[in-house]
Amino acid sequence: MTGRTDTFDLIIRGGTIIDGTRQPRFDADVGVRDGMIAAIGDLSGAQAPVALEARGKIVAPGFIDSHTHDDHALLSEPEMTFKISQGVTTVVTGNCGISLAPLKPDLPRPMPQSLLGAGDPSARTFERFSDYLETLRRTPASVNVAPMVGHTTLRLMTMASLDRAATSEEIAAMRGLLVEALDAGAIGVSTGTYYPPAAMATSEEVIEVCRPIGGTGAVYATHMRNEAEGSVESLKESFEIGRALNAPVVISHHKLVGEANFGKSAVTLPLIDAAMKCQCVALDCYPYAASSTMLHTDEARLRGRIMIAECASHPEHVGRDLADIADEWQVSRLEAARRLQPASAIYFIMNEGDVRNILSFECTMVGSDGLPGGTKPHPRLWGTFPRVLGHYSREVGLFPLETAVWKMSGLTAKNFGLAKRGTIALGQHADITVFDAATVIDKATYDTPTEPADGIESVIVNGALTWHQGAHSGARRGQVISRIKADAQGHRA
Ligand code: ZN
């Protein structure tokens, strides 16, 4: 496949390739030149200043985190160690309706918007989406970013009060901001009608605001209105919006919360499967039975075990259960939650059987939904990808390793339209993760949530060795990945 005298910038020798397409693994060397995969085969005669010995190890595409809230962390913690150490080389941002841009600096940022840059008074805002992307290009992070723009953020920018549906003038203003973001390269738009600042947005509002994505290949990703009793209705609403927009739908972090809904994945997954047969639908999930988001101040959302993850007003209570804090203060959970604002929390509200069903559903992508920041984040921030590889694939046997890798690379690149990413093949960007299939495992737990994983040997981003044997090289070669322009029929090039 290559001449004996070829030279490369980097060679990975003797590894076993799982290429991100679900095809069976094979042994080959990989040669990287100018940030791209330049050769795959027997490179024993070739030279390179950097040569990695990968005998007995898996060489896979760098993982793509399909669901993140890393918008601010990319600028404040550009080495992105919590992701690189898991083998993640690309993050999809702007999820659940919230993005760092466009936003005016003087606007109030109610939860969940303030999750982006929580506790960081120097958190920057960008009035135009293009300003944000320009800053990311000028001061790159260690991982690539595929950015979406959030509908809730557009509401904050255009509406004086959020407790109602938008007027036609406000819709027009939001649409203008969305067009600016799409022109700048946003890969899609997300909604979070589950959350108070967007809960009053009707389907019609969402459709009218998001119209410009129709036929462009940009995705419509949604943290649905309801993931509990109303999950079936919410799925139907999401599919309808996708059809009205002529846009691919991404159901974010699919889950079923609350004991009354345990087992309901047996209903929702066939519904998703049926929708996939008539329109473009994707979904992601994280491999844990606990969720994490803002600390709610709504009684119905304060049931079950809740652990405080981050809390600017009472940092001494981080890592403790809300019930214990309420007891100590001799107040209700609701009152304790109010006093702890602004805060984020971990909610133990899912059923392991549903998590396994959803994760092993053929088309489910892996996405961490991690919330960067604080000392006690949900362990998914540091553990998601090694946990799927080591726990769910190797230990539990939910699916073969080839499927696990595909769910976190090739499938994700296809669903979001990320060009030349997500597989090990000639001409692809050299985003590569080398790991030990026998030892890879998450070490982050609810008690020790910032423990890096075991078994992730080397991580290469756009040809630069960024993580190697447990240490960050300091390389910051992440790129901004823009949308692939679609043709008039909405098909991606
Ligand atoms: Zn969400």
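All ligand and atom numbering here is 1-based and tracks the order in the structure.
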Under 6.0 Å between ring centres: does that hold for [X] and [Y]?
{"X": "His296", "Y": "Tyr194", "value": "yes"}
{"X": "His223", "Y": "Tyr195", "value": "yes"}
{"X": "Tyr446", "Y": "His378", "value": "yes"}

Electrostatic pair Lys83:Asp65 at N-O distance under 4.0 angstrom
yes
Counting no waters, what protein N/O/S atoms lie under 2.8 Å from the Zn ion (ligand 1)?
Cys96 SG, His223 ND1, His253 NE2
Arg476: partners by side-chain contact (heavy atoms from CB on, under 4.5 Å), with sequence neighbours left out:
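Testing Arg476 for side-chain contact (heavy atoms from CB on, under 4.5 Å), a comparison that skips the adjacent residues, returns Pro78, Thr139, Ser142.
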When you look at Glu208 and Arg211, which way does the salt bridge (charged side-chain N to carboxylate O under 4.0 Å, His left out) test go after all the steps?
CA-CA 5 Å; Glu208 290 313 315; Arg211 279 265 183 238; 3.0 Å; yes
